[in-house]
K.L.:
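My structure is below; once you've seen it, I'll send some questions.
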Amino acid sequence: MKREGLTIILSAPSGAGKTSLCRELFKIFPDIKESVSFTTRHPRVGEIEGEAYHFVTNEEFISMVDEDAFAEWAVVHGNMYGTALKTLEEARKSGVDLVLDIDCQGALKLKEQFDSGIYVFILPPSMEELRRRLESRSSDSQEVIEQRILRASDEIKESRWYDFIVINDSFEVAIQELASIVTAHRRKTFRMMEQVGKLFDI
Ligand code: 5GP
């Protein structure tokens, strides 16, 4: 039986360290792919179309919504973001394990229709540390930082329905925990049987 790809959903408030954890996760598991979302936000310096995101206009995004092309979508910081159903289905069918870096509104929509994913929430060790991390990024204005902190308190409440919570205090511990969660799911018997069959002809 063909092994289905695993879907790993990661959410976190801005500043919790999700981007760095994801980057490290892809180094540990080079065969895991990152889902490329669609967004109406403008590309940042260095972001390449089709790598960071598929950058589309509001009209293009809305027509995808109308065509039911999204497995989930949400408005985050005033822009629309969505995961194409096709991205999820293709990965699942071809046995590719996929990481989705999406906000909790989108993750909840996905969980309601698709419970077989692994839902992981990454938390900062405290609100004070979250503020410190956001303030140490030179890119954001004080107003943006305050908005992100307000939003973080709401997002953290959503962590209760995720399957796993990783607290990113020490980066080394957090990445180890995240990698362990991923490995445990990849080693479930039903996901191993295709490989076992090939190795031992059973
Ligand atoms: P950024 O614009 O900084 O790359 O991402 C902003 C937020 O949008 C992050 O919290 C990220 O997880 C979320 N996001 C990115 N892609 C998607 C998506 O396809 N769906 C949803 N719901 N959120 C997304």
Side-chain angles (χ1 to χ4, degrees), residues 7-26 32-58 60-65 67-92 98-114 117-124 130 133-141 143-159 161-166 168 174 178:
T7 312
I8 303 148
I9 295 98
L10 298 182
S11 303
S14 176
K18 184 178 53 174
T19 308
S20 312
L21 285 168
C22 272
R23 209 173 291 140
E24 197 59 30
L25 197 68
F26 295 124
I32 293 186
K33 298 275 173 286
E34 186 173 11
S35 163
V36 180
S37 297
F38 286 77
T39 184
T40 58
R41 120 159 134 58
H42 294 297
R44 296 187 187 123
V45 178
E47 283 184 336
I48 297 170
E49 159 59 35
E51 278 187 18
Y53 286 102
H54 297 292
F55 296 99
V56 292
T57 61
N58 284 341
E60 285 168 330
F61 195 98
I62 288 163
S63 76
M64 286 183 75
V65 172
E67 288 159 13
D68 288 327
F70 290 119
E72 64 74 32
W73 68 276
V75 177
V76 187
H77 307 307
N79 292 301
M80 293 184 275
Y81 294 82
T83 309
L85 200 53
K86 199 170 156 214
T87 308
L88 292 190
E89 284 176 350
E90 281 179 1
R92 218 176 319 155
L98 195 68
V99 169
L100 272 61
D101 165 349
I102 63 175
D103 90 312
C104 31
Q105 310 167 70
L108 187 56
K109 283 186 209 159
L110 209 58
K111 194 164 169 85
E112 282 163 359
Q113 37 166 325
F114 174 59
I118 315 171
Y119 293 78
V120 185
F121 200 94
I122 297 157
L123 282 171
L130 185 74
R133 288 181 190 175
L134 287 172
E135 285 176 346
S136 68
R137 287 178 180 180
S138 51
S139 53
D140 300 323
S141 68
E143 193 191 339
V144 168
I145 293 173
E146 295 308 327
Q147 280 169 5
R148 287 180 191 250
I149 287 172
L150 263 181
R151 188 182 156 91
S153 334
D154 286 337
E155 287 171 329
I156 288 168
K157 289 181 198 138
E158 297 294 319
S159 62
W161 59 260
Y162 279 71
D163 301 316
F164 296 94
I165 292 181
V166 171
N168 185 13
L178 192 55

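Every number for a ligand or one of its atoms is a count from 1 in the order of the listing.
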K.L.:
I'd like to know whether Lys33 forms a salt bridge (Lys or Arg N to Asp or Glu O under 4.0 Å) with Glu90, so could you lay out the CA-CA distance, the side-chain angles of the two residues, the decisive distance to 0.1 Å, and finally the verdict.
P.N.:
CA-CA 12 Å; Lys33 298 275 173 286; Glu90 281 179 1; over 6 Å; no

K.L.:
With sequence neighbours excluded, what pairs up with Tyr53 under the ring pair (Phe, Tyr, Trp, His ring centres under 6.0 Å) test?
P.N.:
Phe55, Tyr81

K.L.:
Measure the shortest side-chain to side-chain distance between Val166 and Leu123 over non-hydrogen atoms and say whether it is less than 4.5 angstrom.
P.N.:
no

K.L.:
Under the salt bridge (Lys or Arg N to Asp or Glu O under 4.0 Å) test, which residues partner Asp68, sequence neighbours left out?
P.N.:
none

K.L.:
Please name all residues satisfying side-chain hydrogen bond (donor to acceptor under 3.5 Å, both in side chains) with Lys18, sequence neighbours left out, ordered by chain then number.
P.N.:
Asp101

K.L.:
Could you walk me through whether Asn168 and Leu21 pass side chain to side chain contact (heavy atoms under 4.5 Å, CB included), step by step?
P.N.:
CA-CA 9 Å; Asn168 185 13; Leu21 285 168; 3.9 Å; yes

K.L.:
Show the protein residues that qualify under the rule heavy atom under 4.0 Å from an atom of ligand 1, listing them in chain and number order.
P.N.:
Lys18, Ser37, Arg41, Arg44, Tyr53, Glu72, Ala74, Val76, Tyr81, Gly82, Thr83, Asp101, Ile102, Asp103, Gly106

